[in-house]
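Have a look at the structure below before the remarks.
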Amino acid sequence: MHRRILAPGVLATASLLLAIPASAASYAPGAPGIGDPYHPYYGNGGYDVSHYDLRLKYQPATDELEGTATVLARTTQDLSRFDLDFLLDVSEVRVNGVRAAFARSGQHELEITPKTPLAKGTPITVVVRYSGVPSAKSAYGFSTWHRTPDGAVAADEPEAAWWWFPSNDHPLDKATYDVSVAVPDGTQAISNGTLRSTSSKLGWTRYNWREDKPQATYLATLAVGKFDITTSTSEGGVPVVNAYSKDLGDNDGAARASVERTGELVDWLSGCFGPYPFSSAGGYVPNTTTGYALETQTRVYYSPKQFANGSNTSVVVHELAHQWYGDDVSLKGWKDIWINEGFARYAQWLWSEHEGEGTTQELADYVYASHPADDAFWTVKPGDPGPDDQFDIAVYDRGALAVQALRGEVGDDAFFAILKGWPKEHAYGNASVADFQKYAEQVSGKPLAALFDTWLFQPSKPAASAARTASIAKYSAAPVRPESWKKIEATNDVHGH
């Protein structure tokens, strides 16, 4: 129980009431979660972040991280206390230049109590000094900090920030970033956005990265190691920065043959989704044992395992499609994951058609016919899959079926107008499945509630009539597998973590 006023007697109480304005009664702690039912304690209430400035020093040999995080925010209520999501050891917190009290609670909460309460609408600058060994920390029984032979990587979904910087860890609170990292000479530090400068002093090299467009916390990434870095500019004018661990072994060639096509694929996707929304693009392949890829904003994370069977541009297309669907327009709540994964999977289908390895229709036919009516695949509702099935294959494949169904219902002209208009409509913001349905109805001029309900919210296989309406055939014999399917299927576990 947290009390706003503690007084030993009537006189003390009376004097306090005289000294404190009546409005002080409204000051209360910010909520320890932002209100997402899938992850009740992710994010926090009471404030909105506009910018993170992270000044870090990392020693790969010992996995020791030191940091000073400066968080610029504005209060959204009369605030007596607020939380940041964080795991490392904190030595000092200041709020607007004044030392603040802090304590731990729950699995990953850093409770901060400023010296004086903060009125609603107050700009605040929160400085957190911290240190620790990220790989020694866990929450809910897991860690998202991945050691490599020559460094470490922070990349995971739906949480990754807690291990390296304090944050309001939910996509609803997007912010811009400056990430400055000092590492031993001969080692590189890679993050989002553009590399603004580097400097060396006394055996350490500092890399200064900036992401100047709003970014969700789980899309912020840090990679430290010994990399071969390539730079280029796409035909459409997008700067591209890619990085490959120097010890990828047999996977090196396939990784480069895939990721080095980033500029070409960004330009191609721009034809599907509209202008690329960020100031740079690229990806990195560290020497990790993880199996997934992640659409970390402007600088996609790829596991070497994605290329164990040869090059795979399909996975690159998937993660780059997220730059529009997931990064530029982020979900309002984790239940809206279909807007991320259904469209990234459908981008793979479009690429398959572009490459002559199976049309979107053939892929839709194959997926529909491959899952009989009693398959658990159909019990997952892509429009609200639940926290346990947030990254179930049905969110990807049934999610893409829903996109194809939409295309069949509204026609190609309206469909591609929707694909290009949506990232512009909600640029650098957040939106829900309901928002997308409303927008699709607005652009197409058609009522779409029944179609969205059938393909996204019913826990059963759509009937053949519904499938025909969506131009998805019902097979009586075994379906024909499109040529691209093996490459698409190889990305099924991109978020399987």
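- Within a 6.0 Å radius of OH in Y207, more than 12 heavy atoms belonging to other residues, nucleotides or ligands are found.
- The shortest non-hydrogen separation linking N242 to G283 is OD1-N, 2.8 Å.
- Nearest heavy atoms, L448 versus E441: N-OE2, 2.9 Å.
- Rounded to the nearest 0.5 Å, atoms OG1 (T217) and CG (D169) are 3.5 Å apart.
- By the 6.0 Å contact criterion, NZ on K226 is open, its count of non-hydrogen atoms from other residues, nucleotides or ligands being 12 or less.
- Within the 3.5 Å criterion, the main-chain N or O of S143 finds no donor-acceptor partner in the side chain of W162.
- Distance CH2/W209 to OG1/T194: 8.0 Å, rounded to 0.5 Å.
- Closest heavy-atom contact between V380 and A394: CB-CB, 3.7 Å.
- Between L219 and K174 the shortest side-chain heavy-atom distance does not fall below 4.5 Å.
- Residues I488 and S314 have side chains in contact (heavy-atom distance under 4.5 Å, counting atoms from C-beta outward).
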Just do the side chain to side chain contact (heavy atoms under 4.5 Å, CB included) check on E362 and V480 with the steps written out, would you? CA-CA 8 Å; E362 289 166 344; V480 176; over 6 Å; no
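- The number of heavy atoms from other shown groups lying within 6.0 Å of NZ (K446) is above 12.
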Please assess Q188 against V224 for the test side chain to side chain contact (heavy atoms under 4.5 Å, CB included), listing each intermediate value before the final yes or no. CA-CA 6 Å; Q188 290 95 0; V224 175; over 6 Å; no
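- Ion pair K246/D228 not flagged as a salt bridge, since none of the NZ, NE, NH1 or NH2 atoms sits closer than 4.0 Å to an Asp/Glu carboxylate oxygen.
- With S303 contributing its side chain and T289 its backbone, the two residues share no donor-acceptor pair below 3.5 Å.
- Classification of the H170-W334 ring pair by plane angle, with boundaries at 30° and 60°, yields perpendicular.
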Ring pair (Phe, Tyr, Trp, His ring centres under 6.0 Å), that's the test. Do F415 and Y346 meet it? Break it down for me. CA-CA 13 Å; F415 177 73; Y346 195 76; 5.7 Å; yes
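- For A417 against Y439, the heavy-atom pair with the smallest separation is O-OH, 4.3 Å.
- If you take NZ on K381 and NZ on K335, they are separated by 11.0 Å, rounding to the nearest 0.5 Å.
- Taking the side chain as every heavy atom from C-beta outward, P134 and D63 approach each other to under 4.5 Å.
- In the model, Y292 has a side-chain atom that pairs as donor or acceptor with a side-chain atom of D156 under 3.5 Å.
- Across every non-hydrogen atom of F227 and S245, the tightest pair is CD2-N, 3.5 Å.
- Taking CD1 of I337 as the reference point, atom CD of E157 lies at 5.0 Å (rounded to 0.5 Å).
- Side-chain contact of R74 with T76: a donor-acceptor pair under 3.5 Å is absent, judged by distance alone.
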Please list every donor-acceptor pair under 3.5 Å in which a side-chain atom of residues 383-390 meets a protein atom from a residue at least two apart or in another chain.
residue	atom	partner	partner atom	Å
D384	OD1	Y38	OH	2.4
Q390	OE1	H39	NE2	3.2

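- No side-chain N or O of T221 forms a donor-acceptor pair with one of R299 less than 3.5 Å apart.
- Side chains of Y177 and S191: a donor-acceptor N/O pair is absent below 3.5 angstrom, by distance only.
- At distances below 3.5 Å, at least one donor-acceptor pair connects side-chain atoms of K420 with backbone N or O atoms of G271.
- Residue-environment remark: CG (D412) exceeds the threshold of 12 foreign heavy atoms within 6.0 Å.
- Between F457 and V433 the shortest side-chain heavy-atom distance falls below 4.5 Å.
- One side chain, T491 or R345, offers a donor N or O that lies under 3.5 Å from an acceptor on the other.
- None of Y41, F86, Y42 except one satisfies the ring pair (Phe, Tyr, Trp, His ring centres under 6.0 Å) rule with H108; the exception is Y42.
- Going from atom CG of D48 over to atom CG of D173 covers 4.0 Å, rounded to the nearest 0.5 Å.
- With hydrogens and angles left out, the side-chain atoms of Q458 and D453 include a donor and acceptor closer than 3.5 Å.
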Let's go through N430 and L172 carefully: what are the C-alpha distance in whole Å and the side-chain angles of both, what is the deciding distance for side chain to side chain contact (heavy atoms under 4.5 Å, CB included) to 0.1 Å, and is it a yes or a no? CA-CA 7 Å; N430 301 76; L172 264 180; 4.1 Å; yes
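- Counting heavy atoms from C-beta on, the side chains of L222 and L56 come closer than 4.5 Å.
- Side-chain contact between F377 and D397 is present, with at least one heavy-atom pair separated by less than 4.5 Å.
- Each of Y325, W324, W422 was scored for a ring pair (Phe, Tyr, Trp, His ring centres under 6.0 Å) with F343, with one residue passing: Y325.
- Side chain of N44 to backbone of D83: a donor-acceptor contact under 3.5 angstrom is found.
- The distance from the CD atom of E211 to the CG atom of D327 is 9.0 Å, given to the nearest 0.5 Å.
- Within the 4.5 Å cutoff, the side chain of D328 has heavy atoms near those of the Y428 side chain.
- Defined by atom type and a distance below 3.5 Å, a donor-acceptor pair is present between the side-chain atoms of D435 and S432.
- Side-chain atoms of N312 and Q306 form no donor-acceptor pair, as typed in the model, at a separation below 3.5 Å.
- Side-chain contact check for S167 versus V49: every heavy-atom pair is 4.5 Å or farther apart.
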One pair to check against ring pair (Phe, Tyr, Trp, His ring centres under 6.0 Å): Y244 and Y284. What are the steps and the verdict? CA-CA 6 Å; Y244 308 90; Y284 69 95; over 10 Å; no
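- Looking only at atom types and distance, the side chain of N208 has a donor-acceptor partner in the side chain of S180 under 3.5 Å away.
- With hydrogens and angles left out, the side-chain atoms of T187 and Y58 include no donor and acceptor closer than 3.5 Å.
- Closest approach of P166 to V71, counting heavy atoms only: O-CG2, 4.3 Å.
- Under the 3.5 Å distance criterion, with hydrogens and angles disregarded, no donor-acceptor pair is assigned to the side chains of Q297 and H322.
- F452 and F436 have tilted rings, their planes meeting at an angle from 30° to 60° on a 0 to 90° scale.
- In this structure a side-chain-to-backbone donor-acceptor pair under 3.5 Å is present from D267 to G236.
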With side chain to side chain contact (heavy atoms under 4.5 Å, CB included) as the criterion, how do L65 and W163 come out once you've worked through the C-alpha distance, each side chain's angles and the decisive distance to 0.1 Å? CA-CA 10 Å; L65 179 68; W163 283 262; over 6 Å; no
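- Atom CG of N309 has 12 or fewer heavy atoms from other residues, nucleotides or ligands within 6.0 Å.
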